[in-house]
Amino acid sequence: MAIDKAVISSITTALQAKSVSDIEVIQSLWGGYGELFRARLTGSQYSSVIVKHIKLPQPESHPKGWNTALSHQRKLKSYQVEANWYQHYAQLCGSGSGCGCGCKSESESESEKSVPQCLYIKRSELETLLILEDLHTLGFDQVLTHADHAAILACLKWLGHFHGQFMANQCTTSQPSTVNTTGLWPTGSYWHLDTRPDELQALSDQPLKMAANRIDRALKQTPYQTLIHGDAKLANFCFNSDHDKAAAVDFQYVGQGCGMKDVVLLLSSTLTFTESPKLIEQYLDYYFSQIADSINIHQPDINPKEVEQTWRPLYCIAWADFQRFIKGWSPKHVKINAYTEMLTAQALSQLATSSN
C-alpha cells in the first residue's frame with residue numbers, strides 16, 4: 001500500500017524529523033476509509049509514531065453490505081469524534097492519579113501511559129491526518145488475537161479506572177459532570193439504537209425487536225453515567241509482555257453511557273462462551289473492584305457500592321442491547337450463541353417484571 005508523499009511530508013515536518021525511514025502498514029480502516037500505519041523516523045525525538053490517515057469520500061462497498069448514506073454519515077461522525085477525543089480529552093485520562101488508565105502524572109513513568117497522546121492533527125474537507133504516540137515504544141508491544149486470563153483482567157482494570165474517573169450521578173444536581181462531552185457521541189458505542197435503524201428493521205427476533213426501546217432506555221436512564229470507550233474489543237487494546245497491563249486505542253465511539261456496555265463488548269471478544277458462570281462472575285467482581293478504586297480517587301462524593309448495585313442488573317440488559325444489533329447486522333455471527341441468548345432472555349424477563 002503506497003502512502004501519499006504529502007502525508008510523509010506532513011509527518012516529517014510536524015515531528016521535526018529528517019526522514020521517514022520505514023512504513024509498516026497495520027491495516028486498512030474499516031470500510032475502506034483510509035489506512036493505519038507505523039512510521040519509523042530518523043532525526044526526531046520519536047523513534048516511531050502511529051499515523052491514522054482518514055479519507056472521507058464514501059467507499060463503493062462495505063464488508064457487510066451496509067453501504068448506506070446513514071452508515072457513511074455515522075462513520076464520518078466517528079472520525080470527527082476520534083479527532084476531538086485525541087485533541088481535547090486524551091490528556092485528561094488518569095491525570096494526577098497514577099491509576100494506570102491514561103496519561104502520566106508527574107510521578108508516573110512513560111511506561112505507565114496507556115492512552116496514546118495526539119502529536120499532530122490536520123483536518124480538511126476530504127481527509128484527516130492523526131499522528132499518535134506509538135504504544136510499542138511505551139512498553140505496550142503485544143497485540144493479541146486470543147486473550148489469556150491476565151489480559152482479560154488488564155482490560156477490565158483499564159475499563160474500571162476509565163469509567164470511574166469520568167463517573168457522574170445524573171440524579172444529583174450538585175454533582176457536576178467530570179468531563180465536558182462536547183465533540184463526543186451523546187451516547188457512546190457503535191451499536192446504540194439511535195444510529196442503527198437499518199439493523200433494527202432487519203432484525204427477525206420479534207420479542208427482542210419489540211423490547212429494543214425499553215432496553216435502550218434502561219441503559220440511558222441509569223443514574224450513574226460515565227464516558228465509555230464505545231468499542232472496547234480485544235483488538236483495541238495493546239499489552240505489555242506479561243499481558244497484565246493494557247493500553248487502549250481507537251476512540252471513534254467514545255461518549256456517555258453505562259459502563260456495562262464496554263464490559264459486555266470486551267467479554268464478547270474474549271470469551272469462548274464455554275466458561276463457567278463462576279468465572280464470569282469473578283470477572284465482574286474484579287471490574288467492580290477496579291471501578292471502586294477509581295471512584296474513590298476521582299469521585300469521592302459517589303458511593304461505589306451504589307454504582308455496583310445499579311449496574312450489575314444491567315449486565316444482561318447490555319448484552320441484550322448488543323444482541324439486538326448483532327442479530328440484525330449479521331444473523332449468523334459467532335457472538336450469537338446459547339450464552340448470549342440466555343442473557344437476552346433474562347433481560348427481557350427482567351424488563352417485563354419491572355414494568356408490571
Side-chain angles (χ1 to χ4, degrees), residues 11-12 14-17 20-27 35-53 82-83 85-121 129-145 147-148 150-166 227 229-252 254 262 266 290 293-294 297:
I11 296 169
T12 55
L15 302 180
Q16 300 179 328
V20 174
S21 61
D22 182 60
I23 294 291
E24 176 190 344
V25 177
I26 298 172
Q27 65 183 50
E35 56 270 340
L36 183 73
F37 61 92
R38 175 176 286 105
R40 294 184 173 85
L41 309 175
T42 59
S44 171
Q45 70 179 100
Y46 303 99
S47 59
S48 64
V49 292
I50 299 297
V51 181
K52 196 166 192 176
H53 184 208
E82 182 172 43
W85 162 264
Y86 280 120
Q87 192 169 15
H88 301 296
Y89 294 87
Q91 68 271 23
L92 302 177
C93 292
S95 179
S97 71
C99 69
C101 77
C103 71
K104 67 175 182 176
S105 67
E106 293 181 359
S107 62
E108 291 177 295
S109 68
E110 286 290 317
S111 65
E112 290 175 312
K113 295 167 68 175
S114 56
V115 171
Q117 299 300 297
C118 181
L119 305 177
Y120 177 78
I121 183 169
L129 182 67
L130 279 173
I131 304 178
L132 306 172
E133 288 182 308
D134 185 355
L135 288 172
H136 282 205
T137 67
L138 304 177
F140 298 97
D141 59 355
Q142 303 292 308
V143 179
L144 305 178
T145 55
D148 55 21
I152 294 174
L153 293 182
C155 292
L156 290 170
K157 180 176 182 178
W158 190 96
L159 290 175
H161 283 276
F162 183 72
H163 295 159
Q165 177 175 357
F166 296 112
L227 280 189
H229 179 282
D231 193 7
K233 61 189 176 187
L234 178 64
N236 286 334
F237 287 93
C238 301
F239 301 87
N240 66 349
S241 58
D242 293 329
H243 303 172
D244 60 353
K245 291 184 179 180
V249 297
D250 200 348
F251 286 85
Q252 289 175 227
V254 61
D262 274 346
L266 172 69
Q290 296 305 305
D293 287 348
S294 184
I297 293 170

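A quick note: this is a predicted structure, and the numbers were derived from the prediction, not measured. For reference, positions follow the sequence shown, starting with 1.
Just one of Leu132, Ile11, Ile131, Leu130 meets the side chain to side chain contact (heavy atoms under 4.5 Å, CB included) condition when paired with Tyr120; it is Ile131. Each of Val115, Ile50, Leu119 was evaluated against Glu133; a single residue qualifies, Leu119, per the side chain to side chain contact (heavy atoms under 4.5 Å, CB included) test. Remark: of the listed residues Lys233, His163, His229, His163 is the sole one forming a side chain to side chain donor-acceptor pair (under 3.5 Å) with Asp262.
In this structure the side chain of Leu156 never reaches within 4.5 angstrom of the side chain of Gln290, judged on heavy atoms. Using a 4.5 Å heavy-atom threshold, the side chains of Trp85 and Cys93 count as touching. Counting only heavy atoms from C-beta outward, the side chains of Val51 and Leu129 approach each other to under 4.5 Å.
Contact between Ile121 and Cys118 at its shortest, heavy atoms only, is CB-SG, 4.1 Å. Contact record, Leu135 with Ala248: CD1-O, 4.4 Å, taken as the closest heavy-atom pair. Contact record, Pro116 with Ala90: O-CB, 4.0 Å, taken as the closest heavy-atom pair. Of all heavy-atom pairs spanning Ser48 and Asp134, the tightest one is OG-OD2, 2.6 Å. Nearest heavy atoms, Tyr86 versus Asp250: OH-N, 3.6 Å. Of all heavy-atom pairs between His243 and Ala154, the closest is O-CB, 3.6 Å.
Between Phe239 and Phe237, the ring planes lie tilted relative to each other; the angle falls in the 30° to 60° range.
To the nearest 0.5 angstrom, Asp141 atom CG is 7.0 Å from Ser241 atom OG. Of the inter-residue distances, the one linking Leu234 atom CG with Thr145 atom OG1 reads 7.5 Å to the nearest 0.5 angstrom. Taking CD of Glu35 as the reference point, atom CD1 of Ile26 lies at 11.0 Å (rounded to 0.5 Å). Distance CD1/Ile23 to CZ/Arg40: 9.5 Å, rounded to 0.5 Å. Rounded to the nearest 0.5 Å, atoms CG (Asn236) and CD (Gln252) are 8.5 Å apart. Between the NE2 atom in His161 and the CD1 atom in Ile297 there is a gap of 6.5 Å [rounded to 0.5 Å].
When atom types are taken as modelled, the side chain of Gln142 and the backbone of Asn240 share no donor-acceptor pair closer than 3.5 angstrom. Using a distance-only test at 3.5 Å, with no hydrogens or angles considered, a donor-acceptor pair links the side chain of Gln165 to the main chain of Leu92.
Heavy-atom contacts from other residues, nucleotides or ligands closer than 6.0 Å to CD of Gln16 number 12 or fewer.
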Self-check item: Test side-chain contact (heavy atoms from CB on, under 4.5 Å) applied to Val20 and Thr12, step by step
Solution: CA-CA 7 Å; Val20 174; Thr12 55; 3.7 Å; yes
